[in-house]
> 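Just dropping this structure here.
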2 protein chains.
Amino acid sequence: MASKSPSSHPTLNEAESATRERILLEAARLFRHHGYAATTLREIADAAHIKAGSIYYHFASKEEILGDVLDKGIQAVSDAVRERIEALPAGASFRDRIAAGIEGHLWGLLHNGDFTSANIRIYGQIPTSAKNRHRVVRRAYADLWDRLFEGAMASGELRSDSSAGVIRLFVLGALNWTVEWYNPQRGSFQDFSRQLTEIVFNGVLARETA
Amino acid sequence: MASKSPSSHPTLNEAESATRERILLEAARLFRHHGYAATTLREIADAAHIKAGSIYYHFASKEEILGDVLDKGIQAVSDAVRERIEALPAGASFRDRIAAGIEGHLWGLLHNGDFTSANIRIYGQIPTSAKNRHRVVRRAYADLWDRLFEGAMASGELRSDSSAGVIRLFVLGALNWTVEWYNPQRGSFQDFSRQLTEIVFNGVLARETA
DNA sequence: GTCTATACACCGATAGAC
DNA sequence: GTCTATCGGTGTATAGAC
């Protein structure tokens, strides 16, 4: 469903060369920690164990590297979410589908930290041209969540004193920021995911009835 | 309580010149939208209607501008939170104090968007030296919230199946991200703040009992 | 497919006139 | 307190050998 990286270079299909993949991996890491503008092609090349000029065999520009890094981040999260939702039984409630989506989102986010954090940290700062090219990918993913929350709102499973749009922005923002502070040494991913789902669903206050 | 901007230039006290303030305002806006490294002193100077060389009369370096922008962001939020909490009656519950803190945090955050968003967007990308200098200010603000959530945990007002630390990181992360999507044209600030407090306290699901 | 060498532009910062 | 002029360093990108 939908092709993966439309910006490949000379050859035909999407089998990425090892070097190209190494460039993207190191670029994502450097973009995440230093920002897009502050990261130089020389640094990326050093980290990928090639010389700066060689990058231009694999990419047409620094901005093309950026585009691929951003796309990969969204793709990883989107794939994980869809996979988990599709694994549910046909008549699953919106509550269960949202729970599956939260776990998938967190899994994709936290297991591809350099690509997803680069996305979150630098999207607001990249050139307009890059933002325009990338916007459609982000919009498609946001639509997926809008459908979940709007469905839950219509079925009465969601609180109705906020719009589905506000709830989506709030929940996804909260989840996304975990990539900045999640510490895998403080417990299992499963446990972390369950805690966050509980807080999102029922809030931080102690339940009065229970 | 505690002095405000320790990095002033030649004169004695904290009365900032209009030019200095204009530089900080434009720098915050540019840092927010383009990042720290991508923003040039020439751009800041243009926006402040002076020439690039003149900046060095007011600041010793680009990094000093950055430090002041970051400090101002935290200060604005911290002031708004403390003000609202101190206005509560003496024996107020932790629930009420956290609610007041959330409103203050959102108010300070959204009414100083360029300074606070600069903080959120670029803190992970700035030079280590700037991060070290700034860390103490952030830590002091985080401590304020840790005391609130740990008190609420001890008094039984907070859910106990997550640590107070995880709850603080989750809640503040969720609130902070609103600066990326809050739209004042979609309703009053008071209404927005109430909706978010409700979601943080009780979650996004419809209540079963009620 | 990777290298060396380099073109051309622009950066942060400084010096010194006014 | 702001200006002009400029230094030394470094950025992306390209050309062409291997």
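In what follows, chains carry the letters A, B, and so on, assigned in the order in which the sequence lines appear, proteins first and then strands, with residues in each chain numbered from 1.
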> Just to confirm, is there a sub-4.0 Å distance from OP1 or OP2 of dG1(D) to any side-chain nitrogen or oxygen of S54(B)?
no
> Ignoring backbone atoms, establish whether S61(B) has a side-chain N or O less than 4.0 Å from OP1 or OP2 of dG12(C).
no
> Taking NZ from K51(A) and C1' from dA17(D), how many angstroms apart are they, rounded to a whole number?
16 Å
> Are more than 12 heavy atoms, taken from residues, nucleotides or ligands other than K51(B), located less than 6.0 Å from that residue's NZ atom?
no
> Using whole Å, what does the distance between atom P of nucleotide dT2(D) and atom CZ of R20(B) come to?
13 Å
> Is NZ or CZ of R97(B) both nearer than 6.0 Å to the six-membered ring centre of F94(B) and within 45° of the ring axis?
yes
> How many Å lie between NE2 on H49(A) and P on dG1(C), as a whole number?
20 Å
> Report the distance from atom OH of Y56(A) to atom P of dT4(C), rounded to the nearest whole Å.
17 Å
> Mind checking if T40(A) touches a base, just sugar-phosphate, or nothing, with heavy atoms under 4.0 Å?
sugar-phosphate
> Round to a whole Å and report the spacing from CZ of R22(B) to P of dG1(D).
13 Å
> Establish, with yes or no, whether the OP1 or OP2 oxygen of dG11(D) is under 4.0 angstrom from a side-chain nitrogen or oxygen of R42(A).
yes
> H58(B) side chain N/O closer than 4.0 Å to the phosphate oxygens (OP1, OP2) of dT2(D)?
yes
> Write down the distance between CD1 (I44(B)) and P (dC11(C)), rounded to a whole number of angstrom.
11 Å
> Round to the nearest Å and state the distance from F59(B) atom CZ to dG12(C) atom C1'.
15 Å
> Heavy atoms only: give me the nearest I65(A)-L24(A) pair and the separation to one decimal.
O-CD2, 3.9 Å
> Please determine which of W107(B), F192(B), W177(B) meets the ring-ring contact (aromatic ring centres under 6.0 Å, His included) test together with Y182(B).
F192(B)
> Side-chain N or O of Y57(B) versus OP1/OP2 of dT2(D): is the shortest distance under 4.0 Å?
no
> DNA chain C: G53(B) or I50(A), which has the more 5' nearest nucleotide?
I50(A)
> Give K62(A) one of three labels, base, sugar-phosphate or nothing, depending on what nucleic acid heavy atoms sit under 4.0 Å from its own.
sugar-phosphate
> Verify, without hydrogens or angle tests, whether S193(A) (side chain) and F189(A) (backbone) share a donor-acceptor contact under 3.5 angstrom.
no
